[in-house]
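Residue numbers count from 1 along this sequence.
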Amino acid sequence: MAFLNDNYLKLKAGYLFPEIGRRVKAFCDANPEAAKKLIRCGIGDVTEPLPAAVIAALHKAVDEMASRETFKGYGPEQGYEWLRHAIAQNDFRDKGLDMANDEIFISDGSKCDCGAILDILGGKNKIAISDPVYPVYVDTNVMVGHTGEANDAGAYAKLVYLPCKPGNGFIPEPPKKHVDVIYLCSPNNPTGAAATREQLEAWVKYALEHKSVILFDAAYEAYITEPGMPHSIYEISGARDCAIEFRSFSKNGGFTGTRCAFTVVPKSLNAYTRSGEAKPLHPLWARRQTTKFNGVSYIVQRAAEALYSPEGKMQVAELIKHYLGNAEVLRKGAKKAGLKVFGGVNAPYIWVRTPKGATSWQAFDKILADANVVITPGSGFGSKGEGYFRISAFNSRANAEEVARRLQELKW
Ligand SMILES: *Cc1c(COP(=O)(O)O)cnc(C)c1O
């Protein structure tokens, strides 16, 4: 008899996006005319094509694969040295931050890395997760058995939920009690909030005092526009001793379908053995990646490298400008519609309070039926997301303008 991993049975079956898909399909089947006007501002996926510098690098790398002299087979599991160098130099050293090339680990996505990182952390950790949150952090902890069962609100036993509310700017403050591992995402999906220097300083101080590890997801770093906001956790003194940072090319370079990301594990970051001995995590992650992962394709790594060329940087800046321009259109439109609006300044997401005490799903159904726009119900991101919905700015400008207009016509 083969046993399955019982933890998977604890996962909430009605996952958010399939349920959205089901309701949208039912609506479109019943209303074929309205279906033609449907605008999707739900799932967080980019819409614009890859930058020209990336396309050129892809073509060149494909041609290299066509001849024996330049063909590439397996590369280093952790990524090619030239890409690790480009990242460490451009994203960290040029900004005055300490970073060695071999502290950068190239991967095929931050989502995978967020889950895989649990391989090198122990099973007895108290885990703190923001609420609402990117569902991957919660579900990957459920899968490896770090939680008990979920209650009716979808909250799992044993996890420590950190509420994100208007009162704390949707960035959680360190808890009074002890936790060992902390997930932070800034700029945030789904709330669009970005952590200030003071907020991150408080977390680094807490982590150093408690010998905790911060898992810092900076997938939306490129969207930070307000001056003085930290772009990396390593801008905070002491963070190299307590934090792992996840970065991705998905949302800046438009690599959601191309797949490339990286994880930073500083060599000075320790965790503890069962007997309480401090050991660095860097060699564990290197061992994990070289054993369970065989690297990102050469072609894609060349494409990622092109994002750091002068043209690549300019083209990425244009993409970000486009999406943030949409965010501004949506933010202003929602405000004019009398809605209470958060986010959208340092992130491509607008987080909106549902009016008149509507639940997130009631707001979803109403906006779908009356405005023919698909948004994401906040309750799908955690119990504290109830009473909110997320509008994604990943769209064409024309669609963003049309959504802003339709929001203003909605009668609640
Ligand atoms: C989109 C996103 C990522 C990036 O995931 P990839 O696997 O690199 O595409 C990571 N974290 C959050 C919160 C995201 O929204």
(request) Keeping to residues at least two apart or across chains, list the salt bridge (charged side-chain N to carboxylate O under 4.0 Å, His left out) pairs with something in residues 303-319. (result) Arg302-Glu305
(request) May I have all residue pairs that pass salt bridge (charged side-chain N to carboxylate O under 4.0 Å, His left out) and include part of residues 349-364, sequence neighbours excluded? (result) none
(request) Quick one: sort the Phe170 and Phe342 rings into parallel, tilted or perpendicular, breaks at 30° and 60°. (result) perpendicular
(message) Ring-plane angle category for Tyr206 and Trp203, please: parallel below 30°, perpendicular beyond 60°, tilted otherwise.
(response) perpendicular
Is there side-chain contact between [X] and [Y], with heavy atoms separated by less than 4.5 Å?
X	Y	result
Asn326	Arg397	yes
Tyr349	Phe394	yes
Leu200	Phe216	yes
Phe364	Val374	yes
Ser186	Ile233	no
Ile391	Leu407	yes

For residues 131-139, run the donor-acceptor check on the side chains, cut-off 3.5 Å, and write out each pair with its distance to 0.1 Å, sequence neighbours left out.
unit_1	atom_1	unit_2	atom_2	d
Asp131	OD1	Ser383	N	3.2
Asp131	OD1	Lys384	N	3.1
Asp131	OD2	Ser383	OG	3.0
Asp131	OD2	Lys384	N	3.2
Tyr137	OH	Asp217	OD2	2.6

With rounding to the nearest 0.5 Å, note down the distance linking [atom1] in [X] to [atom2] in [Y].
X	Y	atom1	atom2	result
Ile106	Phe249	CD1	CZ	6.0 Å
Trp412	Lys366	CH2	NZ	7.0 Å
Asp63	Thr70	CG	OG1	8.5 Å

(request) Identify which one of Val264, Thr263, Val181 satisfies the side-chain contact (heavy atoms from CB on, under 4.5 Å) criterion when paired with Ile244. (result) Thr263
(message) Could you tell me if Arg84 sits above the aromatic ring of Phe105, with its cationic atom closer than 6.0 Å to the ring centre and no more than 45 degrees from the axis?
(response) yes
(message) Please determine whether a side-chain nitrogen of the Lys or Arg among Lys205 and Glu201 lies less than 4.0 Å from a carboxylate oxygen of the Asp or Glu.
(response) no
(request) State whether Arg405 and Glu401 are salt-bridged, where the test is any N-O pair (Lys NZ or Arg NE/NH1/NH2 against Asp/Glu carboxylate O) under 4.0 Å. (result) no
Heavy atoms of other groups near [X] [atom1], more than 12 under 6.0 Å:
X	atom1	result
Lys211	NZ	no
Met314	CE	no
Lys95	NZ	yes
Lys332	NZ	no
Lys72	NZ	yes

(message) Is it the case that the side chain of Ser379 and the backbone of Glu386 share a donor-acceptor pair, with hydrogens and angles ignored and the cut-off at 3.5 Å?
(response) no
Donor-acceptor contacts, no H, no angles, side chain residues 39-57, under 3.5 Å, sequence neighbours left out:
unit_1	atom_1	unit_2	atom_2	d
Asp45	OD1	Thr256	OG1	2.7
Thr47	OG1	Asn395	N	3.4

(request) Would you mind listing every side chain to side chain donor-acceptor pair (under 3.5 Å) that reaches into residues 227-244, with sequence neighbours excluded? (result) Glu103-Arg240, Arg197-Glu235, Glu221-His231, Ser232-Glu245, Asp241-Ser268
What pairs of donor and acceptor atoms, side-chain ones from residues 115-130 against any protein atom, are under 3.5 angstrom apart with sequence neighbours left out?
unit_1	atom_1	unit_2	atom_2	d
Asp119	OD2	Arg288	NE	3.0
Asp119	OD2	Lys292	NZ	2.8
Asn125	ND2	Gly122	O	3.2
Lys126	NZ	Lys158	O	3.2

